[in-house]
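Working notes, beginning with the structure itself.
Note that ligands are numbered from 1 as they come in the structure, with each ligand's atoms numbered from 1 the same way.
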Amino acid sequence: MRSTQVAIIGAGPSGLLLSQLLSRQGIDSVVLESQSPEHVQARIRAGLLEWTTVQLLEAAGVGARMLREGLVHDGIDLAFANGHHRIDLKGLTGRSVLVYGQNELQRDLVQARAASAAVLWQVSEVMLHDCASTPRVSYTHAGSRHELRCDFLAGCDGYHGVSRASVPRAQRAQYERVYPFGWLGLLADVPPLHEELVYAHHQRGFALCSMRSRSRSRYYLQCSLEEDLAQWPDSRFWDELRARLPDCYAARLLSGPSLEKSIVPLRSFVTEPMQFGRLFLVGDAAHIVPPTGAKGLNLAAADVRVLWQGLTEFYRGGSATLLGEYSARALGRVWKATRFSWWFTTLLHRWCADPFAERLKEAELEYLAHSAAASRSLAENYVGLGFDQPEAP
Ligand SMILES: Cc1cc2nc3c(=O)[nH]c(=O)nc-3n(C[C@H](O)[C@H](O)[C@H](O)COP(=O)(O)OP(=O)(O)OC[C@H]3O[C@@H](n4cnc5c(N)ncnc54)[C@H](O)[C@@H]3O)c2cc1C
C-alpha cells in the first residue's frame, strides 16, 4: 500500500495550490483527481484575485506569468439610473485586485505539479476511510483498485465531491441560500467595454462586464433558472447586454462571436465545522458563494493558506495547535465573505416585483456612490479582508 503525508482529493485550484505549497516545505502529498488535466485547465470560472491570493501564489512559486499577464485594477464601476460611478478601491483601501483567469491559474499550477508524480489524473470511485484516526483513501486508477495511507486528508474536491459527503450529516451543520436566478455568461475575443469591471443594476436585471485580458471579455446577464441556452443566440445576448447598460456604455460595447456560453445557478452555502478528525474540507467542498463579489476562488486560496500553515507547523515542530484552529480560522473569513457576497448580490439583482424593495436598492446605490464611508466599506470587502492569523511559514 502506497503512503504519503497528505492525501489531497481534487486538483482544482485548492488541491493543486496546497500540494505545491506543501512541496516547498518538503511535505509529501498525493493529489487524486477524477478529471483529466486538459478538462481541469479548460474550465472557465473565476477571474479576479485579491492581493493576498496573488501573494500566496507567488509564495507557491507560480506567480511569474500571473504578474506578467494579469491586469491590475484599482477600481470598479457601478452603473445604475443610466449613469455610472467609480469606486476607487486603491484610493479607499490602498489595495488593488488582479484580473487573471482561473483557467490560466490552473494551467500554471498543473505545470508546476507536472514535474512531480504527485497528481493522479482520472481516478474514480474515491472513498475515504477512518478519517478520525488512521486515514486511508481507496480509488480506482488505470483499471486497478488502490489504497493510499496518509497522516491527513484534504478534501479539495468542490461542492459535488466525495469528501464532505463522507462526513455523516449529523456531525455537521449546513447553511444554505439558493437564489431565484442564475447568470448567463459569454466569453468573446473582443476588447473589454471598460478598463475596469462594470457592475450594472437595471430594471431588466443585473449585468456584469468583466474581462480576462485586454482582448478577451467575459460578460454576464442575470437570467431565470429555467433559461434555455439554445434560446440565446449571440445576437440576443449582445442586444440584452446593451439594453441593461447606461447609454454611454451601450454605444461603445463591441460584440463578437462567443467562444463559450453557459448558465450558472447562484447559491450561498457553508458547512460547519471544516475539520473532522484528520479530514480538512477546503474551498468549494466547504462553502459556495454567488460570484457577484468574486470571492469563491479567493476564499479557497485563504483556506489553503490556513491549512498550509497548520500542516507546516505540525511537520516542522510537532505542534497541532494551528491545525486544531483550522476550522475556526477559516470560517471567520468564510462568513464575512458570505455576508458580503449575499449583500452585493441582493443589492444588484432584481427578482421580485416589490417596488418598495427596488426603491430601497436605488437609494442604497446612490448612498454608496456619494458616501465615502459606504464606498470604503464596499471597497474593503471587495479587495478582501486581511488575515488575523500568523504570517506565511
Ligand atoms: C461554473 C462556475 C463559475 C464560477 N465563476 C466564478 C466567478 O466568476 N468568480 C469567483 O470568484 N468564483 C467563481 N466560481 C467559483 C470558483 O471557481 C471556485 O470557488 C473555485 O474553483 C474553488 O476551487 P476548489 O479547488 O475548491 O474547487 P473546484 O474548482 O470545484 O475543484 C474541485 C476538483 O475536485 C475534482 N473532484 C470532484 N469530485 C471528485 C472526486 N470524487 N474524486 C476526485 N476528484 C474530484 C473536480 O474535478 C475538480 O477538479 C465559479 C464556479 C463555477 C462552478
Are [X] and [Y] close enough that a side-chain donor and a side-chain acceptor fall under 3.5 Å?
X: R113; Y: Q20; answer: yes
X: T93; Y: E380; answer: no
X: R252; Y: H194; answer: yes
X: R177; Y: Y179; answer: no
X: T338; Y: S268; answer: no
X: Q231; Y: R236; answer: no

So between [options], whose heavy atom ends up nearest [atom]?
atom: atom 34 (O) of ligand 1; options: D284, I44, D157, D303; value: D157
atom: atom 16 (C) of ligand 1; options: Q102, R43, H160; value: Q102
atom: atom 36 (N) of ligand 1; options: S34, A337, S210; value: S34

Ligand-side contact atoms (ligand 1) for residue partner [X], heavy atom cut-off under 4.0 Å:
X: S14; result: 23 (O), 24 (P), 25 (O), 26 (O)
X: Q35; result: 47 (O)
X: A294; result: 11 (O)
X: V264; result: 1 (C), 2 (C)
X: V126; result: 42 (N)
X: G283; result: 26 (O)
X: G161; result: 38 (N)

Review point. Can you hop from F181 to L347 via hydrophobic side chains spaced under 4.5 Å?
Key: yes
Exercise for review: Indicate if L22 and L105 have the same hydrophobic cluster label, given that clusters are the connected sets of ILVMFWY residues with side-chain heavy-atom separations under 4.5 angstrom.
Suggested key: yes
Where on [X] is there a heavy atom closer than 4.0 Å to ligand 1, on the side chain, on the backbone, on both, or on neither?
X: L32; result: backbone
X: C156; result: backbone
X: Y220; result: side chain

Identity and distance of the protein heavy atom lying nearest [atom]:
atom: atom 9 (N) of ligand 1; value: A46 CB, 3.3 Å
atom: atom 23 (O) of ligand 1; value: P13 CD, 3.6 Å
atom: atom 31 (O) of ligand 1; value: G12 CA, 3.5 Å
atom: atom 11 (O) of ligand 1; value: G296 N, 3.2 Å
atom: atom 35 (C) of ligand 1; value: E33 OE1, 3.2 Å

**Study point:** Under-4.0 Å salt bridge between R218 and E260
**Key:**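 Yes, charged N to carboxylate O under 4.0 Å.
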Point to revise | Carboxylate-amine/guanidinium contact K361 E358, below 4.0 Å | key: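 Yes, this pair counts.
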Check your understanding: With a cut-off of under 6.0 Å to the ring centre and 45° to the axis, is R164 in cation-pi contact with Y159?
Key ->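 Yes - R164 lies over the ring of Y159, closer than 6.0 Å to its centre and within 45° of its axis.
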Check your understanding: When only distance counts, is P291 in polar contact with ligand 1, meaning an N/O pair under 3.5 Å?
Key ->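 No - when backbone and side-chain N and O of P291 are compared with those of ligand 1, no distance drops under 3.5 Å.
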Practice item. Answer yes or no: does an N/O atom from R45 fall short of 3.5 Å to an N/O atom of ligand 1? Key: yes
Check your understanding: Given the rule in the side-chain hydrogen bond (donor to acceptor under 3.5 Å, both in side chains) test, do E313 and S319 qualify, once you have shown the distances and angles that lead to the verdict?
Key -> CA-CA 6 Å; E313 186 190 71; S319 162; 3.2 Å; yes
